[in-house]
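Numbered from 1 within each chain, the chains take letters A, B, ... in sequence-line order. As a basis for the values below, the full set of heavy atoms in this structure was taken, side chains included, without hydrogen atoms, waters or symmetry mates. Everything numeric here is computed off the predicted structure, so don't read it as measured data.
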Amino acid sequence: MSAPRLELKAVSKRFGDLEVLADINISVRPGEFVSILGPSGAGKSTILQLLTGALSRDGGAMACDGVPLDGNSHRFAFMPQRDALMPWRRVIDNTALGLEVQGMSRSAARAVVQPLFAEFGLAGFERNYPAQLSGGMRQRAALLRTVVQESSMLLLDEPFGALDALTRARMQRWLSGMWTRHGWTVLLITHDVREAVLLSDRIYVLSPRPARILRHYEIPLPHPRTPANSHALAEVEADILQTLLNLEE
Amino acid sequence: MPIRPTFMRDVARLISHAGPAVLSVSALVLVWEAYARVSGISPTALPAPSRVLVQGFEQRDVLASHTLATLQATLFGFSCSLCAAFLFSVLVDFFRPLRRALFPVFIITQTLPLVAIAPLIVLWFGFGLTPKIVLVALVTFFPMLVALVQGYDSTDRDIEALMASMGASRRRIFVAARLPSALPYFFAGLRISITYAVVGAIFAEYAGAVRGLGIYILNAKNNFRPDLVLSAVFVSATLTLCLFGATVLVQRAAMPWARFEEPKP
Ligand SMILES: Nc1ncnc2c1ncn2[C@@H]1O[C@H](COP(=O)(O)OP(=O)(O)OP(=O)(O)O)[C@@H](O)[C@H]1O
Ligand SMILES: [Mg+2]
């Protein structure tokens, strides 16, 4: 079997006296959709920051396609917890930011992202500013900015956390469809159990700080998930919810 | 075209904003005029506004040439100050320890009383343009520097983290994220500093100059012509307002996205 796209072994991290990650073991195979669920403050965003190189780990090992991740050698496409769109850039230039940083000229970068606007439900808004977009559109723009980087893996930090319930449900379906079509490898951070169950092949549940992997779920149901699956999904969801609730006691 | 409705809205807003101020100023001028006429007070003590206007108009050529000198000093001095503030802001942003070394020195320059420092600067730099530029720069440099540095620090951490995750260099992050983030702060500083700049130039001229509104005011005062003093004051106020208005227009043009944003609380 080929090496996993991403592998974390016994990764740990502390901020001074605060031990945040105790023992994190995660692996993601190419084309897989994996979610990390955990209570607020458990250290979910910290895991992604280790992967983007914004923080460095204190212990353990991380590898991508079998190659150890050290220094800033590897780049994952990262979508931060808030959309982080630049208010002063037009939507098209926001989505092209990663390409420009990679050295593409502005016009070439625009030409790459432009054809994707329709698929991301942003057609006609290329020349607008982010402040003129709705919450759902902003998230789609941020996601478009993430996927055009053509990275081996997408790291999404609670992409729909700030949306209202209806928009969020819509965006989840949309993302599920996009993922099936494009075959991305995704690591999704969320604290929405239903979202994780609906979208993921596998789910890791984190314990509260200091975080370790508490449980690991496989959901071997086809994507995109239809109402026919809803019973099986609801069972997994209830199980995970129970696990998380038991933590509180 | 979307330009027309926004333009009309701007005009409407201007009227609703400026209306009360225009009314109160007009009332003040009327009361002043009435008092100067009825009380029989000597025009060398308190000239009526009408007299200020007429005398000022008669002197328009002289006034204009002095105004030009002041405007030149203001713009020159302010440009130098802006360049210096920008350079130092970049320096301080890239080499943090410099901030703690330099800021105390700059703060001391802000505590110097203008009345004391202006004659010294004229003494050192002569009666030409230089002392004016120095004084204008002295009063505007630090406010602009602080505005810029604060603006850089206001950059959204998520945006910086995002750019870093894309592999952007420090310089790239500065240009693409920190600099644009500082624009609102920069313009807020600009609006205040431009008014200081005019005051600074006039102060320098008052302490000694060949031409300029400051020296004109000094001469008019020494000749017991308060009407001409007030004319010059009126001109300098108008000049300041125009410069202030210009910064607002520049900000509009430089930050086209701002009009779509909700006003910050
Ligand atoms: N740079 C830092 N310095 C010090 N402490 C930090 C830092 N970053 C995060 N922490 C702490 O680490 C803990 C985990 O933070 P993290 O942002 O990873 O949580 P999270 O699981 O993403 O939470 P949420 O679901 O609320 O986003 C928190 O207690 C936080 O205060
Ligand atoms: Mg988080």
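With a 4.5 Å cut-off on non-hydrogen atoms, B:A258 does not touch chain A at all. When heavy atoms are compared at a cutoff of 4.5 Å, A:Q49 does not approach chain B at all. For A:L85, the part lying near chain B is the backbone, with the side chain staying farther off; criterion is any non-hydrogen pair under 4.5 Å. If you measure heavy-atom distances from B:S181 to chain A, the contacts under 4.5 Å come from both the backbone and the side chain.
Side-chain N or O atoms of A:R209 include none that pairs as donor or acceptor with a backbone N or O of A:A211 at under 3.5 Å. Between the side chain of B:E205 and the backbone N or O of B:L213 there is at least one donor-acceptor pair closer than 3.5 Å. Distance alone, capped at 3.5 Å, is enough to place a donor-acceptor pair between the A:D58 side chain and the A:R14 backbone. The backbone N or O of A:G38 sits less than 3.5 Å from a side-chain atom of A:K44, completing a donor-acceptor pair.
Test B:V136, B:T130, B:L129 against B:I133 for side-chain contact (heavy atoms from CB on, under 4.5 Å) and you get one pass: B:L129.
Interface remark: of the candidates A:R89, A:R145, A:Q81, A:R145 forms the most heavy-atom pairs closer than 4.5 Å to chain B. Considering only heavy-atom pairs separated by less than 4.5 Å from chain B, the leading option among A:R90, A:M79, A:Q132, A:M86 is A:Q132.
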Identify each donor-acceptor pair in which a side-chain atom of residues 243-250 of chain B lies under 3.5 Å from a protein atom, sequence neighbours left out, and give them as a table.
residue, atom, partner, partner atom, Å
B:T247, OG1, B:F244, O, 2.6

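Residue-level contacts of residues 143-164 of chain B with chain A, in order of numbering, are B:D156, B:D158, B:I159, B:L162, B:M163, B:A164; threshold 4.5 Å between heavy atoms.
Counted by atom type alone, A:Q102 and A:Q149 present zero donor-acceptor pairs between their side chains at under 3.5 Å.
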Open item on the list: If you apply the rule salt bridge (Lys or Arg N to Asp or Glu O under 4.0 Å), what do you find for A:E100 with A:R106, and how did you get there?
Closed with: CA-CA 6 Å; A:E100 281 186 45; A:R106 179 163 287 200; 3.4 Å; yes

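Taking the six-membered ring for Trp and thresholds of 30 and 60 degrees, B:F142 and B:F106 have ring planes inclined between 30 and 60 degrees apart.
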